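A, B, ... follow the sequence lines: proteins, then strands. Residue 1 opens every chain. Predicted, not measured: the structure shown is a model, and the values here were computed from it.
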Number of protein chains: 2
Amino acid sequence: MSVPLYQAKAELFRTLGHPVRIRVLEMLGEGPRPVRDLLAELDVEASSLSQQLAVLRRAGIVTATREGATVVYALSTSDVAELLGAARQILTDMLDTQGKLLAELRAESGAG
Amino acid sequence: MSVPLYQAKAELFRTLGHPVRIRVLEMLGEGPRPVRDLLAELDVEASSLSQQLAVLRRAGIVTATREGATVVYALSTSDVAELLGAARQILTDMLDTQGKLLAELRAESGAG
DNA sequence: TGGCAAGTTGAAGAATTCTGAAACTTGCCC
DNA sequence: GGGCAAGTTTCAGAATTCTTCAACTTGCCA
């Protein structure tokens, strides 16, 4: 076996662990986009975005296609959307639980 | 808004981005486990494992319960399993694609 | 109470990752 | 060919994260 699956998973998650990269993936989830568009929405420097795109490219999560002067990025697999969805699910779950705990605490201190 | 969702997602993924933490989550996916058991399967030092467990705890992904001398860990939400499943899906997808590309290349060089 | 097993915590140095600045390609239009 | 727009690459310093070692709790049992 070359790379154990759990290590590949860890690397995949690490690759996703950056706000700009997440936003890029979310935008690409709606369809391919030229770098220019990503840049317009992201409020980061071009070189910085390029770095993050390179990270995603190296990981094989996105593909880049040159069309004349512009470069268009796209998801390599649409499964990425599910991953992001699962993450959102977990986060809302956790926020929910926290909210309930807070409410209980408030109720207790009100009653006690 | 306190923390933007995309940033929370990035932090969540970053939290998962470590081989030991992945393996711990996979084991906990089968049910709660005392640290001792995790340690037995993982081939890392106790203090190192403890560090990684602390990362997962701080992120709210797992919970720790003391039972006498032993500490038992469990997933805070079973949604984590889906996240890991989605990751596996992406990886097998990508390996698959790569495999096909390799096969095509071999076919071409064989034919050419 | 002493001692051991089970974990956790703190800290320092090594290794990675981030960020922004500057330089470098490519393609296009004049 | 000259110049500009669109991206990428390289690099150095700052910030994070990892790993290991040592010290510290807790609970249990003799």
Side-chain angles (χ1 to χ4, degrees), chain A residues 3-4 6-25 27-28 31-76, chain B residues 3-4 6-25 27-28 31-76:
Chain A
V3 176
Y6 63 81
Q7 191 174 328
K9 277 187 201 167
E11 277 163 27
L12 173 58
F13 283 129
R14 187 178 295 222
T15 299
L16 301 186
H18 187 291
V20 167
R21 299 198 290 263
I22 291 292
R23 296 196 64 189
V24 165
L25 293 178
M27 289 184 217
L28 295 186
R33 293 254 184 302
V35 174
R36 201 173 330 101
D37 283 16
L38 301 174
L39 199 50
E41 281 199 54
L42 282 180
D43 190 36
V44 294
E45 304 224 349
S47 80
S48 192
L49 175 57
S50 225
Q51 296 274 14
Q52 307 311 333
L53 290 173
V55 171
L56 294 173
R57 245 187 296 129
R58 268 180 242 126
I61 297 175
V62 304
T63 59
T65 319
R66 174 146 230 143
E67 293 186 5
T70 92
V71 177
V72 176
Y73 278 82
L75 296 183
S76 320
Chain B
V3 176
Y6 64 81
Q7 190 174 329
K9 277 187 202 167
E11 277 163 27
L12 173 59
F13 284 128
R14 185 176 297 220
T15 299
L16 302 186
H18 187 291
V20 167
R21 299 199 289 266
I22 291 292
R23 296 196 64 188
V24 165
L25 293 177
M27 289 183 215
L28 295 186
R33 293 254 184 301
V35 174
R36 201 173 330 100
D37 284 17
L38 300 174
L39 199 50
E41 281 199 53
L42 282 180
D43 188 39
V44 294
E45 305 220 351
S47 79
S48 192
L49 174 57
S50 226
Q51 296 274 11
Q52 307 310 333
L53 288 173
V55 171
L56 293 173
R57 247 186 294 127
R58 269 180 243 124
I61 297 175
V62 304
T63 60
T65 318
R66 172 147 231 142
E67 293 186 6
T70 91
V71 177
V72 175
Y73 277 82
L75 296 183
S76 323

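With sequence neighbours excluded, the residues satisfying side-chain hydrogen bond (donor to acceptor under 3.5 Å, both in side chains) with B:R57 are B:Y73. Listed by chain and residue number, B:V55, B:L56, B:A59, B:I61 satisfy the side chain to side chain contact (heavy atoms under 4.5 Å, CB included) test with B:T15 (two or more places apart in sequence, or in another chain). The side chain to side chain contact (heavy atoms under 4.5 Å, CB included) test applied to B:A74 returns B:P32, B:T63, not counting sequence neighbours. With sequence neighbours excluded, the residues forming a side chain to side chain contact (heavy atoms under 4.5 Å, CB included) with A:A46 are A:L39, listed by chain and number. Partners of A:R33 according to the salt bridge (charged side-chain N to carboxylate O under 4.0 Å, His left out) rule, which considers only residues two or more places apart in sequence or in another chain, are A:E30. Scored by the side-chain hydrogen bond (donor to acceptor under 3.5 Å, both in side chains) test, B:R23 finds no partners at all (sequence neighbours excluded). Considering only residues two or more places apart in sequence or on other chains, A:Q51 meets the side-chain hydrogen bond (donor to acceptor under 3.5 Å, both in side chains) condition with none of them.
At the phosphate of C:dA6, neither OP1 nor OP2 sits under 4.0 Å from any side-chain N or O atom of B:Y73. Listed pair B:R57 / C:dT9 meets the phosphate criterion, a side-chain N or O lying under 4.0 Å from OP1 or OP2.
For B:L49 and D:dC18, the CG to P distance is 14 Å, given to the nearest whole Å. Atom CG of B:L38 and atom P of C:dA6 are 14 Å apart (whole Å).
Two end axes, each from the C1' atoms of five base pairs, can be drawn for the helix from C:dT1-D:dA30 to C:dC30-D:dG1; they diverge by 10°, to 10 degrees.
Looking at heavy-atom distances under 4.0 Å, B:S50 makes contact with a base.
Of the candidates C:dT9, D:dA6, C:dG7, the closest approach to any side-chain atom of B:R36 belongs to C:dG7.
Sorted by first then second residue, the salt bridge (Lys or Arg N to Asp or Glu O under 4.0 Å) pairs that include residues 6-22 of chain A, not counting sequence neighbours, are A:K9-B:E26. Applying the salt bridge (Lys or Arg N to Asp or Glu O under 4.0 Å) definition to pairs two or more places apart or across chains, none involves residues 41-54 of chain B.
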Would you list the protein and nucleotides 18-21 of chain C atom pairs, both N or O, that sit under 3.5 Å from each other?
unit_1, atom_1, unit_2, atom_2, d
C:dC18, OP1, A:R21, NH2, 3.3
C:dC18, OP2, A:R21, NH1, 3.4
C:dT19, OP2, A:H18, NE2, 2.8
C:dG20, O6, A:Q51, NE2, 3.2
C:dA21, OP2, A:E45, OE2, 3.3
C:dA21, N6, A:S47, OG, 3.3

For nucleotides 26-30 of chain D, which of its nitrogen or oxygen atoms have a protein nitrogen or oxygen under 3.5 Å away, and what is each distance?
none

